[in-house]
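Remarks on the structure that follows.
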Amino acid sequence: MSTRYPLIHESEYSWRIDPSGKMRVPAIIYADETLIREMDDKVFEQLCNVASLPGIVQAAYAMPDAHWGYGFPIGGVAAFDPDEGGIVSAGGVGFDISCGVRALRTGVSIDEIEPVKKQLADALFRHVPVGVGSTGRIHLNDKGMQAMLRGGAQWAVEQGFGDPADLEHIEERGCMRGAVPEEVSERARTRQQDEMGTLGSGNHYLEVQRVAEIYDQRIATAFGLKENDAVVFIHCGSRGLGHQIGTEFLKYMVLAAGKHGIDLPDRELACAPINSELGQSYLGAMRAGINCALANRQIITHLTREVFAEVVPMADLTLLFDVSHNTCKVEEHLVEGRQRKLYVHRKGATRAFGPGNREIPETLRAAGQPVLIGGSMGTESHILAGSVEGAGLSFNSACHGAGRAMSRHQATKRWRGRALVDELADRGILIRSPSMRGVAEEAPGAYKNVRAVVDAAEKAGLAHKVARMEPRVCIKG
DNA sequence: ATGTTC
């Protein structure tokens, strides 16, 4: 338990730090007592810094999986009002712009996967580029890059990657409006030109999973899920392009803070007013980064379908949903009885719209938005659904994963990648990765208990549990 | 997260 921060135990699953010093609003953390106790004080410090940024509305929020990040905590949510001097922050979105998860149904049960599991693992590993600096089969020229940055997954579908029906099941229907490719630097584009359709490294992965447990039969049916189904989770982002945009704008925002009259509590919280040239430039570039990530996951989906067509020909991969968890999006929210247009930063946090929201595809609308929670390698993943009450809690946001409990460096000292892979293989979980060091960094023990995180999210009211998945094959960055 | 320290 933090000794340095006065945490008020507001309700069983929420904690509050009242404003003091430069804080304009409270900080609110959704977690159970164990998760709170294990949170680094740095999370509270960073959240209080966020709460002191200009134009912040209501509170700075942390999800149950929150951990220390660059400036903003990962698992942080904060909304800003442009009419009250509100800001946009590159650190509040994160370096991997629009990193996210998509879930595919396969139309087959895990029993049809198990006999060919090894072939499937090997074929996916051969066919889906993975690892640091990995490149793909697509090479974009200037014109192609521009079209991709403007069109996102819609562009990818036009290029023959996937089905037009996929688009309905992607946030923003696969294409983020307001993207300005011209705001993306030459260097960012160059870094990306050969990286479309690649997973990348770190915590990114492609998993084949088994639906192990259904928590809500009605919603699971609406989502087309039943026990023992095989599903595919793809977790990746905007690769070198997003990283380069983040790096550059962070620098510009630090340099311009004085000019904008912003007193930064932490350099890493560099930001610019939404109503400023720099703020608008960043938003245009960031939205292009979102399209890059949406296109990337769409292409990887196509590659996955190609592998399944060879190895599991009876499978039919359909998109359940695609969610981004590193974004800043303009949304209308009811605050103190007034509908306001806010710039909602979610960094390591998933949008979780409740039933009826028009952003949700029609076929899923009555059930609520699918909230996809990727666990750590070798542990379970979860699907939840956005709740009605989530609107009043954290601008319709929920957790995004298990959340790290230990640094990458600590993890490499404690575990050996090869031993982990062998151990998981004994449990029938096949890991394929180009980097054994990467595997050690991603050891399940380096993460929080994802079930505790998901339970806290549900009990806090952020989202509703639908299904739990366990991994069978994992292609790991 | 990241051509893993431009």
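Order of the sequence lines sets the chain letters (A, B, ...), proteins ahead of strands, with each chain counted from 1.
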### Task
Using heavy atoms and a sub-4.0 Å distance, could you list which residues of residues 240-254 of chain A are near DNA chain B? By number, please.
Gly240(A), His243(A)
### Query
Quick one: salt bridge (Lys or Arg N to Asp or Glu O under 4.0 Å) partners of Arg189(A), sequence neighbours excluded?
none
### Task
For Arg404(A), answer base if it contacts any base atom (sugar-phosphate contacts may also be present), sugar-phosphate if it contacts only those atoms, and nothing otherwise; contact means non-hydrogen atoms under 4.0 Å.
nothing
#### Entry: Selection from dT4(B), dC6(B), dT2(B) that lies nearest to any side-chain heavy atom of His204(A)
dT2(B)
### Query
If each of Glu441(A) and Gly202(A) is mapped to the nucleotide of DNA chain B with the nearest heavy atom, which maps nearer the 5' terminus, i.e. the 5' end?
Gly202(A)
### Task
Go through the structure and list residues passing ring pair (Phe, Tyr, Trp, His ring centres under 6.0 Å) with Phe223(A), not counting sequence neighbours.
none
### Query
ring-ring contact (aromatic ring centres under 6.0 Å, His included) between His325(A) and His235(A): does it pass, once the steps are laid out?
CA-CA 10 Å; His325(A) 49 231; His235(A) 178 202; 5.2 Å; yes
### Query
Is any side-chain N of the basic residue among Glu380(A) and Arg210(A) closer than 4.0 Å to the acidic one's carboxylate O?
no
### Message
In whole Å, I'd like the distance from the CD1 atom of Ile74(A) to the P atom of dT2(B).
### Response
13 Å
### Task
Let me know the distance between CZ of Phe95(A) and P of dC6(B), rounded to the nearest Å.
13 Å
## Note on the structure
Of all heavy-atom pairs linking Ser381(A) and Glu207(A), the shortest is OG-OE1, 4.0 Å
### Task
Take atom CG of Asp96(A) and atom C1' of dT2(B), then tell me their distance rounded to the nearest Å.
9 Å
### Message
Rounding to an integer number of Å, can you tell me how far Tyr70(A) OH sits from dT4(B) P?
### Response
17 Å
## Note on the structure
Of the listed dT2(B), dC6(B), dT4(B), the closest approach to the Arg187(A) side chain comes from dC6(B)
### Task
Would you tell me if any nitrogen or oxygen in the side chain of Arg437(A) comes within less than 4.0 Å of OP1 or OP2 on dT4(B)?
no
### Residues Gln154(A) and Glu158(A): side-chain donor-acceptor under 3.5 angstrom
no
